[in-house]
A.B. asks: 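First, the structure itself, so that you have it in front of you.
Just so we're on the same page: letters track the sequence lines, and every chain starts at 1. All of these numbers come straight from a predicted model, not from anything done at the bench. All values below were derived from every heavy atom in this structure, side-chain atoms included, with hydrogens, water molecules and symmetry-related copies excluded.
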Protein chains: 2
Amino acid sequence: MKRATLRDIAQSLGVTVATVSRALKNYPDISKATKQTVLAAAERLHYAPHPMAVKLRQQAYKVVGVVIPDIIHPFFSDVISGIVDVMEDLGYHIILSQSNESYEKEIRVTQMLQATGVDGLLVCLSNETVDVGHLQALQEYDVPVVLFDKISPLLEASSVVTNDFQGAYDAVAHLLDQGYTRVAHIKGPPHPENTRQRFAGYRAALAAYGLPYRAEYVAECTHVTQDEGAFFNRQFMALAEPPEALFAVTDSVAIGAITALKEAGWRVPQDMAVIGFSDWAVCRLLEPSISSVSQPGYDIGRRASELLLREIRQLREALPLEHSQLVLDARIQIRQSSQRPVSV
Amino acid sequence: MKRATLRDIAQSLGVTVATVSRALKNYPDISKATKQTVLAAAERLHYAPHPMAVKLRQQAYKVVGVVIPDIIHPFFSDVISGIVDVMEDLGYHIILSQSNESYEKEIRVTQMLQATGVDGLLVCLSNETVDVGHLQALQEYDVPVVLFDKISPLLEASSVVTNDFQGAYDAVAHLLDQGYTRVAHIKGPPHPENTRQRFAGYRAALAAYGLPYRAEYVAECTHVTQDEGAFFNRQFMALAEPPEALFAVTDSVAIGAITALKEAGWRVPQDMAVIGFSDWAVCRLLEPSISSVSQPGYDIGRRASELLLREIRQLREALPLEHSQLVLDARIQIRQSSQRPVSV
DNA sequence: GTGAAAGCGCTAACAC
DNA sequence: GTGTTAGCGCTTTCAC
């Protein structure tokens, strides 16, 4: 069936499109009678306004783009859930794109999103991303950008992140509080601010407890996978003086590290205590249950959305843009994998 | 910076918008010289075509809506990943909406998606959905709909599903092959076709092996959660003659059931064998590792996308719409939780 | 090779 | 109360 337009209704009723338009949006001064007939005709013809025409006219689209590295990651599912909840309440929709942790792809998808005419963008940078020119370009076209989780100080924009430094510090302090002194860290790739912060938190905790930083206790992931976690922990286990405890940059790495321990017959936490980061649902289910630092993914999504909507509004009303940097608390979740046995 | 339009470029160059438009899309008969200047001016003014204007003109939008019950579910992450991969290759974007397993919300989001002007819809029905009028409405407006995973025979549309019947049959047959005779089933809610099929596969396998259907060995979930899995399995465990094996409608239910077993000191699989459905990543990680039926989520996303794109094309070219019903194979993944110990 | 003009479907200021 | 008119930004046919 051909889609009905205002004109179709107008012609079938012998009135003008303007009248029809007003009747459908129940303007104050429209007669009860015509309103009725118009409504009836609209119903009969299955009228629905043409979205693009409305959008073009009103210069607002009510769609925001979301760029994340990988949908499969449970943390991002949480974030998206928060974004969707906020956005849908206000009649906004979200367009989802993956960068697959590739800088090239991130540029491509942001440009595509811009081309579809989104009102704003929520972006979690890829691990490869250093330069942010592609996002500055968006801003120049009056498309506001809010960063979350993996952000860059190079972009003047609002952002919402977990307090990675504090989370990491707390995790390592929790280990040190129990008397461990040889604590290793498998860190993430060098660029993302959040893995840097976690590394910084690790070092700060060591320093605060008067312990030396030992380079042989630190390894750097590229892909942040279970395999890398297993690989690097095997290296730690092979050291003349292996670490007694491990802080992993993320849960997948922690899980991999534990796999390596089990394969070698090491017990967790007796032979090595482990704590991860992100607090995936599986942490609770595994044996031993895995201690982790929980990130408020859902809240990050909500807050980032609120900031973006604020900027969209400010832009529309030609107000000066305000940027906010939000840092949400992380909370350590202590479970079996990091609890030192009472009598060792 | 105010967004530049064709007119801005035209005025700054003393030509008409038509010329500029043609120059930018390198039409054959446009002079080398003007093309150069236009391109330069466009660059200088940071020109980008206004998406809505283009869309309005061309009556095509290159955005499809996706409606799923819940993004958090790993299966849907897989599906979305498949959808995004296919769609982005062809320059399409996806708008994501959640129904939260609510019929009301499903109606709301489909209407909102229609209002944003999507070219088509990929829908996984909520557990509550029986009537499909809201989707028929979309079809009447020439917005093609493709169902996946949870579908309805009431809607004349293409669909892509896992072969739930066969997957369930295989899972139960795998248990029966090992000599178990008392096999229970925790089934899903009554409406979704897929949980019906899994139930049917369960019954068919029992029948094929000449075993009676025992109503006390079947329970029905409402929310399909771990808690329900634990709850119903406790009921099974309390029976005078408890089942020796359990086929759970989904992995979360299987995990809950195993939790209940462990709490009561029952061993898995020695005291009760368990097999789930969906093959979440955690199945491999848990102890015992959980047997499950793997659904090709990524492929479901891909195939559904391809079908939708085909219908969008057919619609645009005014060809008759072809619907296809795809049923993709499920594969049982046998792990520890369902393997009968050799000497019992 | 370029301009003029119509129109995609809708809204809104301005008439009367 | 309703009609007229002028666009939103772009594409495309038809002139010249």
Side-chain angles (χ1 to χ4, degrees), chain A residues 1-39 41-42 45-63 114-119 141-143 315-316, chain B residues 1-39 41-42 45-62 114-119 141-143 316:
Chain A
M1 188 175 64
K2 205 70 217 88
R3 129 168 254 141
T5 70
L6 281 190
R7 191 163 60 210
D8 296 332
I9 302 182
Q11 283 178 346
S12 83
L13 260 49
V15 292
T16 59
V17 284
T19 310
V20 177
S21 174
R22 283 185 282 231
L24 290 174
K25 325 186 70 197
N26 47 73
Y27 255 58
D29 45 332
I30 196 92
S31 86
K32 218 60 180 136
T34 42
K35 187 145 99 187
Q36 287 307 325
T37 37
V38 167
L39 252 43
L45 296 173
H46 289 270
Y47 171 77
H50 188 113
M52 297 318 145
V54 179
K55 273 30 174 185
L56 174 59
R57 198 54 238 269
Q58 318 204 322
Q59 301 287 62
Y61 181 31
K62 293 209 149 201
V63 169
Q114 178 171 22
T116 73
V118 294
D119 295 323
Y141 287 115
D142 281 347
V143 178
L315 221 47
R316 197 173 43 228
Chain B
M1 187 175 65
K2 205 72 219 88
R3 129 168 254 142
T5 69
L6 282 191
R7 192 164 59 210
D8 296 332
I9 301 181
Q11 283 177 347
S12 84
L13 261 51
V15 292
T16 60
V17 285
T19 311
V20 177
S21 174
R22 283 184 282 231
L24 291 173
K25 327 186 67 197
N26 46 74
Y27 256 59
D29 45 331
I30 197 89
S31 85
K32 216 68 179 129
T34 43
K35 187 145 102 188
Q36 288 307 325
T37 37
V38 167
L39 252 42
L45 297 172
H46 289 270
Y47 171 78
H50 187 112
M52 297 317 145
V54 178
K55 271 33 170 185
L56 175 59
R57 197 58 235 268
Q58 319 203 321
Q59 303 287 61
Y61 182 34
K62 293 212 151 197
Q114 178 172 22
T116 72
V118 294
D119 294 323
Y141 287 113
D142 281 348
V143 178
R316 197 175 42 229

A.B. asks: Examine distances only and state if a side-chain atom of A:Tyr141 and a backbone atom of B:Ala48 form a donor-acceptor pair shorter than 3.5 Å.
C.D. replies: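 A pair under 3.5 Å: no.
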A.B. asks: For B:Gln59 and D:dC10, what is the distance between atoms CD and C1' respectively, to the nearest whole Å?
C.D. replies: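 The distance from CD of B:Gln59 to C1' of D:dC10 comes to 12 Å, rounded to the nearest Å.
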A.B. asks: Among C:dC10, D:dT12, D:dT2, find the nucleotide with the atom closest to the side chain of B:Tyr27.
C.D. replies: D:dT12
A.B. asks: So if I take every side-chain heavy atom of B:Ala18 and compare against D:dC10, C:dC8, C:dG3, which nucleotide ends up nearest?
C.D. replies: C:dG3
A.B. asks: Expressed in angstrom and rounded to an integer, what is the separation of A:Asp142 atom CG from D:dG9 atom P?
C.D. replies: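 Distance check: A:Asp142 CG to D:dG9 P gives 13 Å.
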A.B. asks: Round to a whole Å and report the spacing from NZ of B:Lys55 to C1' of D:dG9.
C.D. replies: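 Those two atoms, NZ and C1', are 13 Å apart.
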A.B. asks: Which one, C:dC10, D:dC10, D:dG3, comes nearest to the side chain of A:Leu6?
C.D. replies: C:dC10
A.B. asks: If you check the B:Thr16 side chain, which of C:dC8, D:dG3, C:dA4 turns out closest?
C.D. replies: C:dA4
A.B. asks: So how far is it from A:Leu315 CG to A:Asp142 CG, rounded to the nearest 0.5 Å?
C.D. replies: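 Going from the CG atom of A:Leu315 to the CG atom of A:Asp142 covers 4.5 Å.
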A.B. asks: Using atom types as modelled and distance alone, determine if a side-chain donor or acceptor of A:Asp8 lies under 3.5 Å from a backbone N or O of A:Thr5.
C.D. replies: yes
A.B. asks: Suppose we call a contact any N or O donor and acceptor under 3.5 Å apart; does that hold for the side chain of A:Arg22 and the base of D:dG3?
C.D. replies: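 Under the 3.5 Å cut-off, the side chain and the base do form a donor-acceptor pair.
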A.B. asks: Using heavy-atom distances to pick each residue's nearest nucleotide on DNA chain C, tell me which of B:Val20 and A:His50 is more 5'.
C.D. replies: B:Val20
A.B. asks: Measure NZ/B:Lys25 against C1'/D:dT13 and give the value in whole Å, please.
C.D. replies: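 Nearest whole value for this atom pair: 14 Å.
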A.B. asks: What's the closest nucleotide to the A:Thr5 side chain, out of C:dG3, C:dC10, C:dG1?
C.D. replies: C:dC10
A.B. asks: Without decimals, in angstroms, what is the distance between A:Asn26 CG and D:dG1 P?
C.D. replies: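 After rounding, the reported distance stands at 15 Å.
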A.B. asks: Between D:dT12 and B:Ser21, is there an OP1 or OP2 to side-chain N/O distance shorter than 4.0 Å?
C.D. replies: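 Result: no.
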A.B. asks: Students often get this wrong, so: under 4.0 angstrom with heavy atoms, is A:Leu56 touching a base, only sugar-phosphate, or nothing?
C.D. replies: base
A.B. asks: Measure the spacing between NZ of A:Lys55 and NZ of A:Lys62 and express it to the nearest 0.5 Å.
C.D. replies: 8.0 Å
A.B. asks: Starting the side chain at C-beta, find the nucleotide from C:dG9, C:dG3, D:dT2 nearest to A:Thr19.
C.D. replies: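 Output: D:dT2.
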A.B. asks: Would you tell me if any nitrogen or oxygen in the side chain of A:Arg7 comes within less than 4.0 Å of OP1 or OP2 on C:dC10?
C.D. replies: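 No, because none of the side-chain N or O atoms of A:Arg7 sits under 4.0 Å from OP1 or OP2 of C:dC10.
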A.B. asks: What is the distance from atom CZ of A:Arg22 to atom OG1 of A:Thr34, rounded to the nearest 0.5 Å?
C.D. replies: 10.0 Å
A.B. asks: Expressed in angstrom and rounded to an integer, what is the separation of A:Gln58 atom CD from D:dG7 atom P?
C.D. replies: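 Whole-Å distance recorded here is 18 Å.
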A.B. asks: When you measure from the side-chain N and O atoms of A:Thr34 to the phosphate of D:dG1, is any distance below 4.0 Å, counting only OP1 and OP2?
C.D. replies: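 No.
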A.B. asks: Using whole Å, report how far NZ of A:Lys32 lies from C1' of D:dT2.
C.D. replies: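 After rounding, the gap between these two atoms is 17 Å.
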A.B. asks: Write down the distance between CD1 (B:Ile30) and C1' (C:dT2), rounded to a whole number of angstrom.
C.D. replies: 7 Å
